[in-house]
Amino acid sequence: MTPKQLFLGVAMLASAHAIGPADATTHRQTVTTQYGMAVIGLKIGKASFDTVIDGSRFSVKGTLSSAGLGSLVSDTAGTSRVSGRMTGKSLSPDSYGLDYASDDKRWKSEVAFSGGRVTAASVSPKRDKPKPSYVPVKRSQLAAVVDPLSGLMIKTTDAASVCRRTLPFYDGWSRLDLRLSPAGTQQYSMPGYSGPATVCNVKIRPVSGYDASSKGLTYLAKQTIQIWFAPIARKDLFVPVYARIPTKVGSLTLQATSVSVK
């Protein structure tokens, strides 16, 4: 798994976690979450995310850095952000960005949305001449998509429905579907929340913007990811608190460790 994939995994989990109490739409509120990342139980990274809810607007800003064993292998750090509007049924992003570096390489992505449709996107560095096996992104595939951050905030009052959906992700590089299916429930406890979590099995289906010959992506598409969702702050909003992603060196786990509100 590449540093980009590791960062996106943390970003998807951590940013989606931070939503304030049920009355958060009536005043400005900031929620800070801390996350840990480990491979086969060994700490490799940490992340911190601040989510601001101000009326019907929301924004998320996060940072990630390598830690523990990860610091010995690679110097990785980055930021990710999203902003948009809270509607009656979902969170609708306006803009999404990712900027991260690993050792001497750097990647950036900027995506603009309007009503779920991508209106502009840019990435750096730009792709070289694509291989014959490269599957290009079609504009028709960007008509109804979500970003990897707010896309995992699921608004529903029915816990049983959380895992019965497909999430159409676009990050500026790739278009892929996350297909969720029910896998039971678990108890989850951390400072700031203790209660049930809805467990989803997740399969990744690449759609476009990827190299069909990629061994790493082929491996990941055959695996089953697990994500736990919990209504940690309001009953109608389920967000990830735990994820397990199989890799060739062992399971990568992402876990919420604390949440604070101010």
Side-chain angles (χ1 to χ4, degrees), residues 2-16 56-62 78-100 106-156 162-181 200 202-214 216-218 220-221 225 227 239-240 245:
T2 66
K4 172 186 171 183
Q5 291 169 317
L6 292 178
F7 182 82
L8 290 177
V10 172
M12 287 193 299
L13 177 63
S15 67
S56 63
R57 301 289 304 177
F58 77 92
S59 65
V60 180
K61 294 182 179 179
T79 62
S80 189
R81 56 180 172 75
V82 64
S83 63
R85 296 171 292 107
M86 296 185 69
T87 68
K89 295 182 179 180
S90 63
L91 279 76
S92 179
D94 292 334
S95 65
Y96 162 80
L98 177 68
D99 185 348
Y100 76 99
R106 185 179 181 184
W107 294 264
K108 295 185 67 175
S109 172
E110 296 282 346
V111 184
F113 299 85
S114 179
R117 178 183 294 272
V118 174
T119 58
S122 63
V123 297
S124 176
K126 295 187 179 299
R127 182 179 294 276
D128 295 331
K129 291 183 180 180
K131 299 178 181 179
S133 55
Y134 177 73
V135 181
V137 178
K138 299 179 180 179
R139 180 153 296 277
S140 61
Q141 295 167 338
L142 303 179
V145 295
V146 294
D147 66 276
L149 302 189
S150 64
L152 282 175
M153 300 178 184
I154 298 176
K155 289 197 72 176
T156 180
V162 170
C163 303
R164 302 184 187 279
R165 67 190 69 232
T166 295
L167 303 175
F169 279 5
Y170 181 67
D171 65 356
W173 284 283
S174 303
R175 170 71 179 83
L176 57 86
D177 287 340
L178 266 63
R179 295 178 171 177
L180 280 59
S181 61
C200 301
V202 182
K203 300 291 288 188
I204 291 180
R205 185 181 77 88
V207 176
S208 58
Y210 70 96
D211 184 353
S213 67
S214 169
L217 185 58
T218 299
L220 193 58
I225 295 170
I227 303 178
V239 297
I245 304 172

Answer yes or no: is there a side-chain heavy-atom contact under 4.5 Å between [X] and [Y]?
| X | Y | result |
| --- | --- | --- |
| V60 | S150 | no |
| L180 | I154 | yes |
| I245 | L220 | yes |
| R85 | R57 | yes |
| P125 | W107 | yes |
| F169 | V146 | yes |
| V135 | P206 | no |

For the residue pair C200 and V162, what are the closest heavy atoms and their distance?
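Closest approach of C200 to V162: SG-CG1, 4.2 Å.
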
Checking side-chain contact (heavy atoms from CB on, under 4.5 Å) against V111, which of V123, V118, D94, L142 comes through?
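Going through V123, V118, D94, L142 one by one, the side-chain contact (heavy atoms from CB on, under 4.5 Å) with V111 is satisfied by V118 alone.
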
Suppose we screen for side chain to side chain contact (heavy atoms under 4.5 Å, CB included). Which residues come up paired with K131, at least two apart in sequence or across chains?
S133, D211

What residues, two or more places apart in sequence or in another chain, satisfy side chain to side chain contact (heavy atoms under 4.5 Å, CB included) together with T166?
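For T166, the residues satisfying side chain to side chain contact (heavy atoms under 4.5 Å, CB included) (neighbours in sequence not counted) are D177, R179.
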
Starting from the C-alpha separation in whole Å, work towards a yes-or-no answer on side-chain contact (heavy atoms from CB on, under 4.5 Å) for F113 and V145.
CA-CA 9 Å; F113 299 85; V145 295; 3.8 Å; yes

Residues 137-147 vs salt bridge (charged side-chain N to carboxylate O under 4.0 Å, His left out), sequence neighbours excluded, gives none

So, taking the atom named [atom1] in [X] and the one named [atom2] in [Y], what distance separates them when rounded to the nearest 0.5 Å?
| X | Y | atom1 | atom2 | value |
| --- | --- | --- | --- | --- |
| S208 | W173 | OG | CH2 | 15.0 Å |
| S92 | F58 | OG | CZ | 7.5 Å |
| M86 | S56 | CE | OG | 9.0 Å |
| K108 | T79 | NZ | OG1 | 8.5 Å |
| D171 | L149 | CG | CG | 10.0 Å |

Are there more than 12 heavy atoms of other residues, nucleotides or ligands under 6.0 Å from atom CZ of R106?
no

Counting only heavy atoms not in K61, do more than 12 sit closer than 6.0 Å to its NZ atom?
no

Would you confirm whether Y210, through its side chain, and A212, through its main-chain N or O, come within 3.5 Å as a donor-acceptor pair?
no

Main-chain N/O of G97 paired with S80 side-chain donor or acceptor, under 3.5 Å:
yes

Listed by chain and number, what are the side chain to side chain donor-acceptor pair (under 3.5 Å) partners of S109, not counting sequence neighbours?
none

For T156, side chain to side chain donor-acceptor pair (under 3.5 Å) partners two or more places apart
S161

side-chain hydrogen bond (donor to acceptor under 3.5 Å, both in side chains): pairs with one or both residues in residues 110-123, sequence neighbours excluded:
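Passing the test, one end in residues 110-123: R81-E110.
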
